[in-house]
J.: 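A single structure is presented below for examination.
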There are 2 protein chains.
Amino acid sequence: MSDRLDEARSRMWRLFRTTYVTVTEQIEKDLEQAGLPPLLWYSVLWALERAPDHEMRLHELAEEVFLSRSNITRLIDRLEAAVLLCRKRCPLDRRGAYAALTNEGLAMRQKMWAVYSEGIAQYFTDHLSQDEVQVLDAVFDRALTTAQKLTHQSTAQEG
Amino acid sequence: MSDRLDEARSRMWRLFRTTYVTVTEQIEKDLEQAGLPPLLWYSVLWALERAPDHEMRLHELAEEVFLSRSNITRLIDRLEAAVLLCRKRCPLDRRGAYAALTNEGLAMRQKMWAVYSEGIAQYFTDHLSQDEVQVLDAVFDRALTTAQKLTHQSTAQEG
DNA sequence: ACGATTTGATTGCATTAGCAACTAATATGT
DNA sequence: ACATATTAGTTGCTAATGCAATCAAATCGT
């Protein structure tokens, strides 16, 4: 199995990982310093903003932001308490609930994006050529597609 | 500020982030399924294995694995309880402590690497050409260097 | 040399995370 | 149609995280 992963690839993986953590951590600090909520909140707000009618079912959100069910409940609690979204009953499935973006949530996402995008640029993408961006895009797109295929495959086998 | 980050770059960032989370999460699951500890433990063991005499000061480790001081204390507690490392007094600085890798820790890292490397390959690097690996390596290396420079700069200003 | 500051590690406390158990509602299989 | 299984969401419990406070030891300034 160590044959599959040559020196260059494992080195690259290490850099990948470190870059992710470093950049993300720095952005989190910038957000906090600006008195804004963490990146996770941004992910939720952004997912809702893209969704039709600015609302999503909780389990869809959980999948979108890679969180467990129980955790999404509590996260939505906090966002609701901050009036960035509100819960709505689902008429078609009376078990279910929607999380719906509020105007405050919309405004908050924009405020966060100012800091967030600045961080992405400053700590990462400013130093990339157009060609490099292209390569990274292609690579991640491919990796994601296959990784997700494998993931669903294995979960299907389990159940 | 949105000028600095064009469509291609922000899309690429989103893919970068999602790829990292997806691949990492899948590897964590594989480790757990194999009855092995999480990736964080691996990072510690691997850092120690590379270090001279297989031992490092706690604060060095904290920096290496991006954890707060208090957290590294508790993490080392757990690893010590699992006999994968042991604390050693530092003769030069009597405040300080070393974490020193044990034989069990060495063996554990190797066992984990079998699963870990398999995951890296399967979910990510198998689908990359040599050229792509080269580009990613260069890009991350550059990003890391500048991000770390900026980070230390800002913390220096603060203090 | 000695008081003031900084640094290394640990502990207390509050927040956040995941797993498992639970409730309610829907889907399925005969 | 009715018992069974699945799915959606919430809640209880435990583990893990970060910040602030603490304690001990080293360093700095004079």
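We name chains A, B, ... by the order of the sequence lines, and we start the count at 1 in each one.
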J.: State whether the number of non-hydrogen atoms from other residues, nucleotides or ligands found under 6.0 Å of E32(A) atom CD is greater than 12.
T.: no
J.: Does any residue of residues 64-89 of chain B have a heavy atom under 4.0 Å from DNA chain D, and if so, which ones, in number order?
T.: S68(B), S70(B), N71(B), R74(B), R78(B)
J.: Ignoring the backbone of L40(A), work out which of dT26(C), dA17(C), dA9(C) is nearest its side chain.
T.: dA17(C)
J.: Figure out the CH2/P separation between W41(A) and dA17(C), and round it to whole Å.
T.: 11 Å
J.: Nearest whole angstrom, please: distance from the P of dG8(C) to the CD of E60(B).
T.: 10 Å
J.: Report the distance from atom OH of Y98(A) to atom P of dT10(D), rounded to the nearest whole Å.
T.: 14 Å
J.: Can you measure R94(B) atom CZ to dT10(C) atom P for me and round it to whole angstrom units?
T.: 17 Å
J.: Nearest whole Å is fine: how far is dT16(C) C1' from L39(A) CG?
T.: 16 Å
J.: Ion pair present between R9(B) and D6(B), side-chain N to carboxylate O less than 4.0 angstrom?
T.: yes
J.: Can you check the E63(B) CD to dT7(C) C1' distance for me, whole Å?
T.: 14 Å
J.: In terms of ring plane angle, is the pair F140(B) and F124(A) parallel, tilted or perpendicular, where the classes change at 30° and 60°?
T.: parallel
J.: Atom CG of L92(A) and atom P of dA25(C): how far apart are they, to the nearest Å?
T.: 15 Å
J.: Between Y116(B) and W13(A), is the side chain to side chain donor-acceptor pair (under 3.5 Å) condition met? List the steps.
T.: CA-CA 11 Å; Y116(B) 187 13; W13(A) 168 259; 2.7 Å; yes
J.: Between dG9(D), dT26(C), dT7(C), which one does the side chain of R95(B) approach most closely?
T.: dT7(C)
J.: When you check the phosphate oxygens OP1 and OP2 of dT7(D), does a side-chain N or O of H59(A) lie under 4.0 Å from one of them?
T.: no
J.: Just grab all the salt bridge (charged side-chain N to carboxylate O under 4.0 Å, His left out) pairs involving residues 94-105 of chain A, residues at least two apart or on different chains.
T.: D93(A)-R95(A)
J.: If you assign each of D93(A) and E25(A) to its closest nucleotide in DNA chain D, which residue comes earlier from the 5' end?
T.: D93(A)
J.: Report yes or no: do Y98(B) and R57(B) form a side-chain donor-acceptor pair below 3.5 Å?
T.: no
J.: Return no unless some side-chain N or O of R57(A) is found under 4.0 Å from OP1 or OP2 of dG9(D).
T.: yes
